[in-house]
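Working notes, beginning with the structure itself.
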Amino acid sequence: MIKAITGTKDILPSDISKWKFVESIIDKTMQGFNYKEVRTPVFEETALFSRGIGEATDIVSKEMYTFLDKGGTSLTLRPEMTASVVRAFIEHSLAAKQNLNKLYYIAPMFRQERPQAGRLRQFHQFGAEAIGSTSPALDSEIIIMAYDILKSFGLKNILVKINSLGVPESRENYKAKLREYLQGKVAGLSEDSRKRFETNILRIFDSKEECDQKIMQDAPLLIDYLDEESLKHFESVKALLKQAGVPFEIDPKLVRGLDYYTKTTFEIVSGSVGSQSALCGGGRYDLLVEQLGGKPTPGVGFAAGIERILLACENENSLNIPVESIDLYIVRLDNGLQPNVFDLGLHFRRKGITSEFDYLERSVKAQMREANKLNARYVIILGGEEYQKGELVLKNMLDGTQENVSLDNMEYIANKFAG
RNA sequence: GUGAGUGUAGCUCAGUAUGGUUAGAGCAUCAGAUUGUGGCUCUGAGGGUCAUGGGUUCGAGUCCCAUCACUCACCCCA
């Protein structure tokens, strides 16, 4: 038997209502903030991601699905969306059409990691990017949108964590200080952290190893070395979040794994999923556009993992999905009327009234059972004496009442579903 | 990439310690309950190469080995 690739999942009809519901809330919220949807190809030239996300990051160095096409070009299935959105922004000169572009997406991403709870190889993210302004209002807006959407899913056990990474210069200053602090202590670090000391020193803060955490407890914090402008920016972001009623926590150790972040970074974590608790993450990237070959343009954005959110919703039992139902089921008393049933069904279907009938020549009882299983609001029973008299039986499945309706008064039935 | 756990019906699981006739249950599916009407109830039916391959044995779902798959955790991230 051929099975789906490791780390990929089919979304079956029984799950679709959940996804549609989630997507509709995302659409509604994003549009309320006047973000416009954008769709980009699932694969891009590999260089886009290695340059955008950073050669040394885990995503680029070991998690990408990269392959050569027949022309010998190295292509990669997108592991995240920001680089692609920025590429499209530059390629189509969106900046020329308006100063500020507010974009959002809902799309599949691909990373070749070992699957576990809340982590798949093909997974779905939604997110937003506001490109073209340094205003802290946009940092806040991005965080508020993410928070509002999660709240709309009924999630309670969530925490917003924010931090500021400052501008590159202040960060370099700080890194030097941190290196100085750690210089004599390297031997006490875990193996991974010793590597990070060379490659990405800030990430040592993320380590869960006890020995690392002990050493990092007294380490200097980035936030104390922020430049004045970044600090001011950070204060504005915090003030706006407070104003919006979004509870948050400052996490000076929140360092994100993508290279392009500057100033604000944030994460929303859930206590209701396994170890992959980050539902959502993002931040400001004022240098990315230029880095990818565009004119210097600031930006800020976030991405959220839909499967993780669904997992959290399931564990908190927070999603209230309406049960699926259909409008009409047409029962036939004798098989000879099959063409008439088909015709009648088509009549209502073309009016947008969701209708179904039996294709398997099953008994009346079986047809009624089917109607009930489908949650049909009304059932038409066609055949027998009534049919001889030019009538059909219309049964209301909610209260069980039924009435006879003349076959040339289908308006009457259609009106049951009006409005 | 590293570690641990689990693979028995469409789904959730018994059965494996002490190997022994035709491998069970619940849910789901289908059919029926005097034949023209759903939900509840009752009755019945279908559905399993017990993950795969090898080994031990008179005999393996059960013991041993290998492989594969899945799950969780590390790592990293959404």
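The chains referred to below are lettered A, B, ... by the order of the sequence lines, with proteins before strands, and numbering in each begins at 1. Bear in mind the structure is a predicted one, so any value in this text is a computation, not a measurement.
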Record whether the side chain of Arg119(A) comes under 3.5 Å of the base of C75(B) through a donor-acceptor pair of N or O atoms. yes
When both hydrogen-bonding distances must be under 3.5 Å and the geometry is Watson-Crick or G-U wobble, what is G26(B) paired with, if anything? C11(B)
Tell whether Arg114(A) reaches the base of U2(B) with its side chain through a donor-acceptor pair below 3.5 angstrom. yes
From C-beta outward on Arg369(A), which listed nucleotide comes closest to its side chain: U37(B), U71(B), G39(B)? G39(B)
Rounding to an integer number of angstrom, what distance separates A14(B) and A51(B) when you compare their P atoms? 14 Å
Would you find more than 12 non-hydrogen atoms of other residues, nucleotides or ligands less than 6.0 Å from Phe33(A) atom CZ? yes
Are the ring centres of Tyr35(A) and Tyr104(A) closer than 6.0 Å? no
What integer number of Å spans the P atoms of U57(B) and C70(B)? 35 Å
Need one value for Ala376(A): base, sugar-phosphate or nothing, where a base atom within 4.0 Å counts as base even if backbone is also close, heavy atoms only. nothing
Roughly how many Å apart are U49(B) and G24(B), using the P atom of each and rounding to a whole number? 15 Å
A23(B) and G15(B), which share atom name C1', separated by this distance in whole Å: 8 Å
Phosphate contact (C72(B) OP1 or OP2) by Ser275(A) side-chain N/O below 4.0 Å: no
Applying the Watson-Crick and G-U wobble criteria at under 3.5 Å, what pairs with A73(B)? Answer none if nothing qualifies. U2(B)
Starting from C1' on G10(B), measure out to CG on Leu12(A) and report it in whole angstrom. 12 Å
Between Phe43(A) and Phe110(A), is the ring centre distance below 6.0 Å? no
Say we look at G10(B) and G48(B): how far apart would their C1' atoms be, to the nearest angstrom? 12 Å
If you look at every strand shown and take non-hydrogen atoms under 4.0 Å, does Leu382(A) touch a base, only sugar-phosphate, or nothing? nothing
Roughly how many Å is it from CD in Gln402(A) to C1' in U37(B), rounded to a whole number? 7 Å
So, does the side chain of Glu113(A) form a donor-acceptor pair with the base of G1(B) at under 3.5 Å? no
Write down the partner of C40(B) under the Watson-Crick or G-U wobble criteria, each distance required to be under 3.5 Å. none
With heavy atoms under 4.0 Å as the rule, sort Glu386(A) into base, sugar-phosphate or nothing. base
Rounded distance (Å) that lies between atom C1' of G32(B) and atom CZ of Arg362(A): 15 Å
Distance check needed: C77(B) P versus Phe49(A) CZ, whole Å only. 17 Å
From the options G36(B), C75(B), G38(B), select the nucleotide whose nearest atom is closest to the side chain of Met397(A). G38(B)
On RNA chain B, check which nucleotide each of Gly7(A) and Ile306(A) is closest to and give me the residue with the more 5' one. Gly7(A)
From G32(B), C30(B), C74(B), nucleotide with atom closest to Lys373(A) side chain: C30(B)
Both distances below 3.5 Å, Watson-Crick or wobble geometry, any strand: find the nucleotide opposite C63(B). G55(B)
Starting at atom CD of Gln276(A), determine the distance to atom C1' of A73(B), rounded to an integer number of angstrom. 9 Å
Give me the distance, rounded to whole Å, that separates U22(B) from U67(B) when you measure between the C1' atoms they each carry. 32 Å
Among the nucleotides C72(B), C75(B), U71(B), whichever has the atom closest to the side chain of Pro115(A) is U71(B)
Is any N or O donor-acceptor pair between the side chain of Arg308(A) and the base of C77(B) shorter than 3.5 Å? yes
Count the heavy atoms of every other residue, nucleotide or ligand shown that sit under 6.0 Å from CZ of Phe342(A), and state whether that count exceeds 12. no
Distance, rounded to the nearest Å, where Asn372(A) contributes CG and C40(B) contributes P: 7 Å
Distance-only donor-acceptor check, side chains Tyr387(A) and Asp334(A), under 3.5 Å: no
Integer-rounded Å distance: G36(B) C1' and Lys389(A) NZ: 14 Å
When you compare the side chains of Ser275(A) and Gln116(A), does any donor N or O come within less than 3.5 Å of an acceptor on the partner? yes
Students often get this wrong, so: under 4.0 angstrom with heavy atoms, is Glu385(A) touching a base, only sugar-phosphate, or nothing? base
For RNA chain B, whose closest nucleotide is more 5', that of Glu267(A) or that of Lys62(A)? Lys62(A)
Can any side-chain N or O of Thr46(A) pair as donor or acceptor with the backbone N or O of Ser74(A) at less than 3.5 Å? yes
When the C1' atoms of G39(B) and C77(B) are considered, how many whole Å apart are they? 47 Å
Between P of U6(B) and CD of Gln116(A), the distance in whole Å: 19 Å
Check the side chains of Gln122(A) and Tyr65(A) for a donor-acceptor pair under 3.5 angstrom, ignoring hydrogens and angles. no
Classify Ala371(A) by what it touches in the nucleic acid, base, sugar-phosphate, or nothing, heavy-atom distance under 4.0 Å. nothing
Pairwise P distance for G55(B) and U71(B), with rounding to whole Å: 32 Å
According to a strict under-4.0 Å criterion, is Lys3(A) in side-chain N/O contact with OP1 or OP2 of U52(B)? no
Please determine if a side-chain N or O atom of Lys365(A) lies less than 4.0 Å away from the OP1 or OP2 oxygen of G39(B). no
Under-4.0 Å side-chain N/O to phosphate OP1/OP2 contact, Ser363(A) with G32(B): yes
